[in-house]
Amino acid sequence: ATGVLPVAVGEATKLVDELIGARKRYRGTVTLGVATDTYDADGEVVGTADASDVTEQQTEAQLSQFQGELMQTPPAFSAVKRDGVPAYRAARAGKPHQLEPRPVTVHSLAMVAVEGASVTIEVECGKGFYMRALAHELGVALGVGGHLSALRRTAVGRFEERDAVPLDEVERLLEAGESSALVHAPDSVLTDWPALILERDSVAAARNGRDVRPRPAVLRRAGESGERARAYGPNGRLVALLEASEIPGAWHPYRVFTSLGTGAENET
C-alpha cells in the first residue's frame, strides 16, 4: 500500500479523529481468479479459478452493488477487536474471529482499467471501509475469487496525492531544519466546518470546559443539536471544537487546544 498519509504532531494529534472520519479515496487493483486468506497479495492462497471468461461488463455490473450505504464484513486479518483482541492476532493463531458485518459508505466507485485478470478501481469511501474486503467480495460475486494486489490512497479529506510530499523529500527538509515547509495549520482538516469567533471571556470559559455563547449566537437551525463548529479567539488562533448544546444559542467545547490559543486573552 502506498499514497497519502497525513501525520499529526503536537496538539494537532487531538484532530486525528477528524482525519479518521474524513472521506478517503483509493485506487486499487483486484486480481481475479486467486483468493487469499488475508484478501491481499501477502496472504496464503486458499483458492484458484479460471477468470479468463469474466467480461468487463460482468465485472462492472457486480461492482454496482458495492455503492451507497451497505454492510461489509471486515477481513479476518484486520485490526478490528473482539473481546479486546485484534482479529489479526486470532487469525494468525489459527482461531479467526467471526466478525459481524458493519455499516460502511461508498460515495463513488468506478472501474478505470482492465488488463487480463487485473481490474483497477477507484473508490471514495467513509470510515471503516476495507478495500481488501471489496476485492474479496467482488471475486465471490463473480464466482472466481479474488484479492487486492495493489493499493494506493489518493486522498484523505482535503489532503490529496498531488499535494503530498515524498518521504525522501520529508527527510531532506527535516535534515535541513526546514520542517515548516511540511506543516499545515491544524484547522486545515476542518475547513468545511462553520467557524465561530469567541470573545476573551468565552475563550477562558471554553478552556475550562464551560458552554459558550458566540456572537452572533444563531449559526444553526433551532433544535439542531449535535452540529459541530470550530472556535477561534480574538487573535485568530484555534481554541476549541464545539458541539451545539440543547440550550438555544449555546455551544459546548468537547476538545480544547491550549497552546494553539495561547495569548488569545491578551490580544485584540
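Since we're looking at a predicted model, the values are computed, not measured.
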Ignoring hydrogens, what is the shortest heavy-atom contact between [X] and [Y]? Give both atom names and the distance.
| X | Y | value |
| --- | --- | --- |
| T258 | K14 | N-NZ, 4.5 Å |
| V189 | R158 | N-CD, 4.5 Å |
| D37 | G43 | OD1-CA, 3.3 Å |
| G236 | Y232 | O-CD2, 3.3 Å |
| L198 | P234 | O-CD, 3.4 Å |
| L241 | F257 | CG-CE1, 3.8 Å |

Under 4.5 Å between any side-chain heavy atoms of [X] and [Y], yes or no?
| X | Y | value |
| --- | --- | --- |
| L15 | L19 | no |
| V156 | R153 | yes |
| H184 | P6 | no |

Practice task
Under the side-chain contact (heavy atoms from CB on, under 4.5 Å) rule, collect the residues that match up with H147, sequence neighbours excluded.
Solution key: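 Partners of H147 by the side-chain contact (heavy atoms from CB on, under 4.5 Å) criterion, ordered by chain and then number, come out as T31, V34, T36, A41, S149.
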Atom pair [atom1] ([X]) and [atom2] ([Y]), whose distance is rounded to the nearest 0.5 Å:
| X | Y | atom1 | atom2 | value |
| --- | --- | --- | --- | --- |
| L242 | D211 | CG | CG | 9.0 Å |
| H252 | S245 | NE2 | OG | 8.5 Å |
| Q98 | R82 | CD | CZ | 7.0 Å |
| S179 | L174 | OG | CG | 6.5 Å |
| E124 | Q67 | CD | CD | 11.0 Å |

Problem - Positive for salt bridge (Lys or Arg N to Asp or Glu O under 4.0 Å) with R255, one of E11, E18, E243 - result: E18
Closer than 3.5 angstrom, by distance alone: can the side chain of [X] be matched with the main-chain N or O of [Y] as a donor-acceptor pair?
| X | Y | result |
| --- | --- | --- |
| N208 | A204 | yes |
| R207 | V256 | no |
| Q62 | T59 | no |

Practice task
Please collect all ring-ring contact (aromatic ring centres under 6.0 Å, His included) contacts where either partner lies in residues 79-98, sequence neighbours excluded, each pair once.
Solution key: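 As it turns out, there is no ring-ring contact (aromatic ring centres under 6.0 Å, His included) pair with a partner in residues 79-98 once direct neighbours are skipped.
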Problem - Listed once per pair and sorted, the ring-ring contact (aromatic ring centres under 6.0 Å, His included) pairs that draw on residues 33-62, sequence neighbours left out - result: Y39-H136
Practice task
Go through the steps to decide whether R213 and I247 satisfy the test side-chain contact (heavy atoms from CB on, under 4.5 Å), and finish with yes or no.
Solution key: CA-CA 10 Å; R213 293 175 177 270; I247 302 172; 3.2 Å; yes
Problem - Ion pair R172/E175, N-O distance below 4.0 Å - result: no
Exercise for the section: Look at E161 together with R25 and state whether they make a salt bridge at an N to O cut-off of under 4.0 Å. Expected result: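 Salt bridge flag = no for R25 with E161.
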Practice task
For the pair V9 and T13, evaluate side-chain contact (heavy atoms from CB on, under 4.5 Å) and give the outcome as yes or no after the intermediate values.
Solution key: CA-CA 6 Å; V9 297; T13 55; 5.6 Å; no
Exercise for the section: Given side chain to side chain donor-acceptor pair (under 3.5 Å), test R27 with T154 step by step and report yes or no. Expected result: CA-CA 7 Å; R27 185 185 308 116; T154 58; 5.2 Å; no
Practice task
Report the C-alpha separation of V16 and I20 in whole Å, then their side-chain angles, then the decisive distance to 0.1 Å, and conclude whether the side-chain contact (heavy atoms from CB on, under 4.5 Å) test is met.
Solution key: CA-CA 6 Å; V16 165; I20 293 174; 3.8 Å; yes
Handout entry: Members besides V119 in its Ile/Leu/Val/Met/Phe/Trp/Tyr cluster (side-chain heavy atoms under 4.5 Å)
Key = Y26, V30, L32, V54, L63, F66, L70, V104, V106, L109, M111, V114, I121, V123, F129, M131, L134, L138, L142, V144, L148, L151
Pairs under 3.5 angstrom only: tabulate donor-acceptor contacts from the side chains of residues 72-79 to other protein residues two or more places apart or in another chain.
unit_1	atom_1	unit_2	atom_2	d
Q72	OE1	Y130	N	3.0
Q72	NE2	Y130	O	3.1
S78	OG	P75	O	2.8

Problem - Intermediate values then yes/no, side-chain contact (heavy atoms from CB on, under 4.5 Å), V203 and E199 - result: CA-CA 6 Å; V203 170; E199 297 180 355; over 6 Å; no
Handout entry: Within residues 43-53 or reaching into it, pairs that qualify as side chain to side chain donor-acceptor pair (under 3.5 Å) - sequence neighbours excluded
Key =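 Residue pairs with at least one partner in residues 43-53: D50-S52.
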